[in-house]
Engineer: 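I have a structure I would like to understand better, so I am pasting it below and will then ask my questions one at a time.
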Amino acid sequence: MDLRAGRPPFLVCVGAGGVGKTTLAAALGLLSARAGHRTLVMTFDPSLRLKDALGVGAAAHGEEVAVPYDAPGSLHASLLDPRKTFDRLVARYAPDDATRDRILGNPYYDHLAGHLGGILEYMAVERLYEVARERRYDRVILDTPPTRQAIDFLEAPQRIVSFLDSGALKIALKPWFDEDGHLQPGGRRLGFIGRGLERFLDRVVGLQLLRDMSEFFRAFEPLFDGFRQRAQAVENLLASPDAHFLLVAGPGEARIPDTLFFARRLKAAGWRLGPLVVNRVHPRFDGGAEGSSAAERDGRQLFAWLGERHARGVDALRALLPPEQQLVALPLEPDEPTDLAALEAMGRRLQELLRSSATDR
Amino acid sequence: MDLYQRLKSRRLLVVTGKGGVGKSAMTAALGRSLAARGRRTLVLEVDPRENLHQLLDVPPSGGEVTRVAADLYLQNLKPKAVVDWLVDEKVPIPMLARRVKESPVYQRFVEGAPGLQEMAIIGHCLRVVSGQAFSRPRIDTVILDAPATGHGIYLLTAPRLFAEAITDGPFHHLAQQGADFVADPDDAGLVIVTLAEEMPVQEALELRQALAERFGRQPDLLITNGLYPPLPPDAAGAGDPLLELWRRRRRINEDELARLERDWQGPKVELPLLPIDRGPALIGALQERLEAVLLGPRGAA
Ligand SMILES: Nc1ncnc2c1ncn2[C@@H]1O[C@H](COP(=O)(O)OP(=O)(O)OP(=O)(O)O)[C@@H](O)[C@H]1O
Ligand SMILES: [Mg+2]
């Protein structure tokens, strides 16, 4: 992968939370703009200083702002605002204003829909799709929400769609309640399991929950088709040759199973796993643990231990990956890159490592 | 009441923080410490990748309550299992209950309904300390190794949001009990773990603020973990890249410590980055250091 070339147009940075995805996404964005491409970086949850560096304050929530960066191409950045994206989606697919208002005003939506499992992740790819369709950029780099495990991001859209598709909703969508809000006796004839379920929902879930959910999802019903088609289109985009994934992992052996699992799943889904970047790897230093004081010797020993341990982790990971999988270890920087110059330097370093590891193979 | 006594008197301690900051390690160290002082403690892990058992040197719990040491127990909890128990309780005919649980509709519902899993986790903690989940062992304190998804505050606020959105029925009842439990200033406490780096410190401060706004409460303790040691003043070898990296990483730590000194009122503990592989030895060393601060040299001895 060489971001100075035109391909791939879509780059999705994935990985568990706290491994440096956002910083790397920004660094690669600068590199891409430097090479002359009109580039958009869609970030999620950047640090305050990174926000400052990119110039994406509160105004950038859901909007694209130009980054003050002098380059042959251009760089825009946006902050994903899941609630805004969701609201916008509702507004777009609602057949009329009354439906829209009914959804947006439902207490269930207001309190809980923002926490629908995987909604953040879904909204992230949803935005990518929107931007892709508008074709205003040569390249879009998508940073992803800080999931617990990298795999959560991949599964989220499917989880949402199957939740929307599931019988739970069909039950919720049934006319459960008559005009007075009482459970309709009888209604449709239910089988044995259906009756058990009904009883369960009644007894355990409670009618109020059903009533609110039912109302919420009934209001949503006209949107479902649009929603489902959209989810399909998003999946197609991610599976197309235009989209590559950059998997970012933390150092340390504890993370290896996660990383491997994710890489395999991506491949199995037919998606394109680009390079795997192990970030913030402690460098190894020559020389022993001597020093002029006990404190210095202890410190040197700590650094030696960290260097060893991280190198061991990277080696172990490499041994487990298929030989054609590109893997680079990006060293821990002395300072956190928080201005554009430092970010660009980091992007160059990464690009350099990618190039040399590509020719190694 | 002094800090350690407060921690020890809690029925629920929620250990939270960004991914990878050392929540599981602190949960294990705190659990060992409380148990060693006669508080019957259950450390509860909500993570499909079980790893607390490794830190405590026992086989994986596989969902069961496992004895670790005198007064110390471990459980790995799948939130879905809690909802399953609820079904068993509310649907008294076993065969019917089983078929409900097997139906895909139910499974999707449990997986997808917002707030449900969080509510189930808190509900389980409450049932454990009130002896409803199991009668033996009788647990005094649950230390919850909170999942690092999203903002830590959601775990605490979800029961209340749920209770507000759903205004009657058994789920409302359960959510309300959970909400009361986490809001009770005598029952529940929050331990925030962070690294001395910008992002986790920022999140810790935001969490603190959210807690104050929504619950009118303060966290019991802030643990700043993984600190690089201070650079000794006589280690001045110019141009040594190791010393340069050490100096500058330590400076990042110090900047964040200064920020916490300024913006964080309340108890805090600092723990060093230790050159020990993950496992019981690391937990022992962390426990010792925690106790040295929380109990003073006298109590730790
Ligand atoms: N003070 C410390 N010194 C050295 N290593 C530490 C220290 N604290 C934690 N670790 C190590 O850091 C890694 C992450 O710790 P831990 O698993 O406790 O984090 P966590 O917050 O529970 O992570 P997750 O969010 O993935 O559950 C582990 O390998 C652990 O052994
Ligand atoms: Mg953990």
Side-chain angles (χ1 to χ4, degrees), chain A residues 16-18 47-49 107-108 111-117 120 146-149 152 159-160 162-163 166-168 170-171 192-193 196-197 199-200 203-209 212-213 250 254 257-258 283 285 287 291-293 295-296 298-303 305-306 309 332 334-336, chain B residues 18-21 47 49 51 86-87 90-91 96 99-100 103-106 108-109 111-115 117 147-150 154 158 161-162 164-173 197-200 202 228-232 234-235 241-242 244-249 252 273-275 277-278:
Chain A
S47 68
L48 292 178
R49 270 177 256 171
Y108 191 76
H111 278 75
L112 296 171
H115 298 287
L116 198 59
L120 292 191
T147 50
R148 148 155 221 76
Q149 289 159 272
D152 290 345
R159 243 199 331 263
I160 295 255
S162 49
F163 181 66
S166 77
K170 297 213 178 73
I171 290 194
F192 179 60
I193 298 178
L197 253 175
R199 206 167 329 169
F200 158 73
R203 207 176 305 197
V204 181
V205 179
L207 294 187
Q208 177 66 39
L209 169 61
D212 283 352
M213 266 181 96
D258 252 17
F285 297 100
S292 50
S293 63
E296 183 179 341
D298 286 351
R300 286 182 179 277
Q301 232 160 46
L302 173 67
F303 276 77
W305 179 82
L306 287 164
R309 199 171 68 127
L332 175 71
D335 305 304
E336 297 293 312
Chain B
K18 261 185 126 49
V21 296
D47 188 338
R49 312 165 300 174
N51 62 48
L86 249 168
V87 175
K90 302 280 177 181
V91 183
L96 199 58
R99 299 190 72 161
V100 167
S103 99
V105 174
Y106 166 77
R108 291 263 157 72
F109 174 77
E111 218 177 85
Q117 307 232 347
T149 40
Y154 185 57
L161 288 177
F162 211 96
E164 279 168 12
I166 315 306
T167 52
D168 72 25
F171 265 29
H172 166 78
H173 204 65
E197 289 179 13
E198 190 201 341
M199 290 287 281
Q202 181 65 27
Y228 288 94
L231 196 69
D234 51 352
L242 184 154
E244 197 49 32
L245 184 65
W246 183 356
R247 186 190 328 276
R248 282 151 79 180
R249 293 314 303 189
I252 293 176
L273 182 58
L274 295 172
D277 277 318
R278 72 182 284 119

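Throughout, a chain's letter reflects where its sequence line sits, starting with A, and its residues are numbered from 1.
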Engineer: At a heavy-atom separation under 4.5 Å, does Leu273(B) approach chain A through its side chain, its backbone, both, or neither?
Structural biologist: both

Engineer: Roughly how far apart are Glu336(A) CD and Glu197(B) CD, rounded to 0.5 Å?
Structural biologist: 5.5 Å

Engineer: With the side chain counted from C-beta on, respond yes when Pro229(B) and Leu302(A) share a heavy-atom pair under 4.5 Å apart, and no when they do not.
Structural biologist: yes

Engineer: Where on Asp277(B) is there a heavy atom nearer than 4.5 Å to chain A: the side chain, the backbone, both, or neither?
Structural biologist: both

Engineer: With only heavy atoms counted, which part of Leu242(B) is less than 4.5 Å from chain A, the side chain, the backbone, both or neither?
Structural biologist: both

Engineer: Identify the heavy atoms of Ile252(B) and Pro334(A) that sit nearest to each other, and give their distance.
Structural biologist: CD1-O, 3.7 Å

Engineer: Determine the minimum heavy-atom distance between Leu245(B) and Phe285(A), stating which atoms define it.
Structural biologist: CD2-CZ, 3.8 Å

Engineer: Can you tell which part of Leu306(A) gets under 4.5 Å to a heavy atom of chain B, answering side chain, backbone, both or neither?
Structural biologist: side chain

